[in-house]
2 protein chains.
Amino acid sequence: MSRRQAVSPKCISRLSLYGRLLSTGVGSTSGRVYSHELARLAGVSAAQVRRDIMGLGCSGTPNTGYDVQALGSIITEYIHTPEGQRVALVGVGNLGKAILTYFSHGSKTRLRLVAAFDTARDKTGRVLHGCRCHPMEEMSDVIRRENITVGIITVPADVAQQTADALINAGVTGILNCAPVALQVPARVYVENLDITIKLETVAFFARSGRPQADG
Amino acid sequence: MSRRQAVSPKCISRLSLYGRLLSTGVGSTSGRVYSHELARLAGVSAAQVRRDIMGLGCSGTPNTGYDVQALGSIITEYIHTPEGQRVALVGVGNLGKAILTYFSHGSKTRLRLVAAFDTARDKTGRVLHGCRCHPMEEMSDVIRRENITVGIITVPADVAQQTADALINAGVTGILNCAPVALQVPARVYVENLDITIKLETVAFFARSGRPQADG
DNA sequence: CATAGTTTGTTATGCAATTCACAACGTTAC
DNA sequence: GTAACGTTGTGAATTGCATAACAAACTATG
Ligand SMILES: NC(=O)c1ccc[n+]([C@@H]2O[C@H](COP(=O)([O-])OP(=O)(O)OC[C@H]3O[C@@H](n4cnc5c(N)ncnc54)[C@H](O)[C@@H]3O)[C@@H](O)[C@H]2O)c1
Ligand SMILES: NC(=O)c1ccc[n+]([C@@H]2O[C@H](COP(=O)([O-])OP(=O)(O)OC[C@H]3O[C@@H](n4cnc5c(N)ncnc54)[C@H](O)[C@@H]3O)[C@@H](O)[C@H]2O)c1
């Protein structure tokens, strides 16, 4: 259970990707996979794959590669808790609804999106894809009762900070922020920003000058 | 027009963020802004801000900071073309519709989302927020005619690669990929991946172990 | 059993990006 | 005018990350 050493967010992101590749039919014939195979599918180098796996207490055998099942399990157990962490989403608008739909149908992650929140009365009280939308006043209670540790923010930019404050107050320690603002949070809280406009402007820039190959 | 030197995607992303901050009421009273103010709002260090700006042929004056208007213009002109690049979106599903709505209403970028594509007949032919949804057969023609250089992929994962191929064939040189696969593209094409599941799993991981502070 | 051929685990190397530190400069106060 | 303060611009130091490289290990084969 104890983490071997501090790993970077980028490393965790790659492990998450390897995990998905392993669970979606890689090496399904042999039951085994080489580092360079995973590398090609993940868009990274083979050395990178081996190095990432090294940090997990590895399991590969030379000349045969990795056991798909075993490696998948190790990665999943490293990234996730046995029960799967519980997630809440705030702001059931266009983007919020898309994410809600995705995580109840399309996604295979161990994470569970178990509650949604909104201010609009036509949203609250309803149940979308098995996930109830609560009014904001119930946030603190629901997050504690449901043991929620992660929040997704899909509210308008001008209320994103207060939404983050409310989530943190209620006990959330990780936030995926889809609003285009940099949140101010205490050091113990981890934030990732998912800013579509910035990503798109970056793509547009390199669509012209075309040099580097990168990712996020 | 000529770029001073090769800059990293992360640098461009930060410049994009500074640009937005400058255009949304930073230092609106004085008309000027300090590097440490931008830094706090962007969630980076003051030295980082100054260094990023340095690469643009800078304009700040000691003790007074930067002229908001001037710096904003310089950043915009560096990141964008004068006319604004044109963008197409493929896959008008839950996520695709949310993005379409956002870029016709909520966003202030110079980029223009001017065309959408889908296979489903109930999507094609309709006009959403001033953006027509075409059938896939018209892609090549429309992209050339409309001078589109950037594509957004919001189709299911199993058709993302063929969608990318089609976009590239039609002349697109930058792709924002929202499907959870690593696309194989020629070196001249620039790809950014926007993988919500990976981002969320990364947040969940550090919501427990809580160490680093990072971003993407 | 020995030999050839691959792939892993890991260490060393190189590179890029961020931070540090400070001189130069402008501004303000008196 | 001049002294004191605060910020910029930028070379140097540092950190972190990815690539390269290679010894050890395993399989296969005759
Ligand atoms: N839709 C996109 O593709 C897209 C792209 C980039 C960024 N974003 C950002 O994501 C966020 C949401 O975008 P959207 O298109 O879904 O907007 P939206 O207007 O469709 O949805 C916003 C939702 O938040 C709710 N809300 C408003 N104030 C609230 C509050 N104080 N507490 C709780 N809920 C509140 C509203 O009732 C609404 O349901 C915005 O910050 C937007 O900038 C969206
Ligand atoms: N919705 C989310 O929040 C979310 C989160 C993470 C990842 N994603 C990814 O984004 C993509 C889209 O997700 P979604 O929820 O919008 O799915 P969706 O099923 O709602 O939309 C998919 C759209 O693509 C169209 N399509 C199907 N095949 C096509 C083809 N060959 N060419 C052109 N169009 C085609 C469909 O008609 C549909 O309109 C998926 O790859 C999904 O994994 C979505």
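Numbers restart at 1 for each chain; the letters A, B, ... are given by sequence-line order, proteins then strands.
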Look at the side-chain N and O atoms of [X] and state whether any lies under 4.0 Å from the OP1 or OP2 oxygen of [N].
X     : N      : result
B:S35 : D:dT7  : no
A:R14 : D:dA18 : yes
B:Y66 : D:dG9  : yes
B:Q48 : C:dT19 : yes

Given [options], which nucleotide is nearest the side-chain atoms of [X]?
X     : options               : value
A:S45 : D:dT8, C:dA17, D:dT19 : D:dT19
B:A47 : C:dT27, C:dT7, C:dC20 : C:dC20
B:C58 : C:dT7, D:dG9, C:dT19  : D:dG9
B:N63 : C:dT27, C:dT7, D:dT8  : C:dT27
A:S8  : D:dT8, D:dC17, D:dA21 : D:dC17

Donor + acceptor pair across side chains of [X], [Y] (<3.5 Å):
X      : Y      : value
A:S35  : A:R50  : yes
A:S16  : A:R20  : no
B:E201 : A:T109 : yes

Nucleotide [N], atom [atom2] - distance to [atom1] of [X] in whole Å:
X     : N      : atom1 : atom2 : answer
B:L15 : C:dT18 : CG    : P     : 11 Å
B:I53 : C:dA17 : CD1   : P     : 18 Å
B:D67 : C:dG26 : CG    : P     : 16 Å

Go nucleotide by nucleotide along DNA chain D from the 5' end; which of A:D52 and A:P62 gets its closest nucleotide reached first?
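Going by which nucleotide is closer to the 5' end, it is A:D52.
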
Between A:R51 and B:T61, which has a closest nucleotide on DNA chain D that is more 5'?
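Nearer the 5' end of the strand: B:T61.
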
Would you confirm whether A:R188, through its side chain, and A:T173, through its main-chain N or O, come within 3.5 Å as a donor-acceptor pair?
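It does not hold such a pair.
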
Mind checking if B:R32 touches a base, just sugar-phosphate, or nothing, with heavy atoms under 4.0 Å?
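Nothing: the residue B:R32, judged by heavy atoms under 4.0 Å, touches no strand.
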
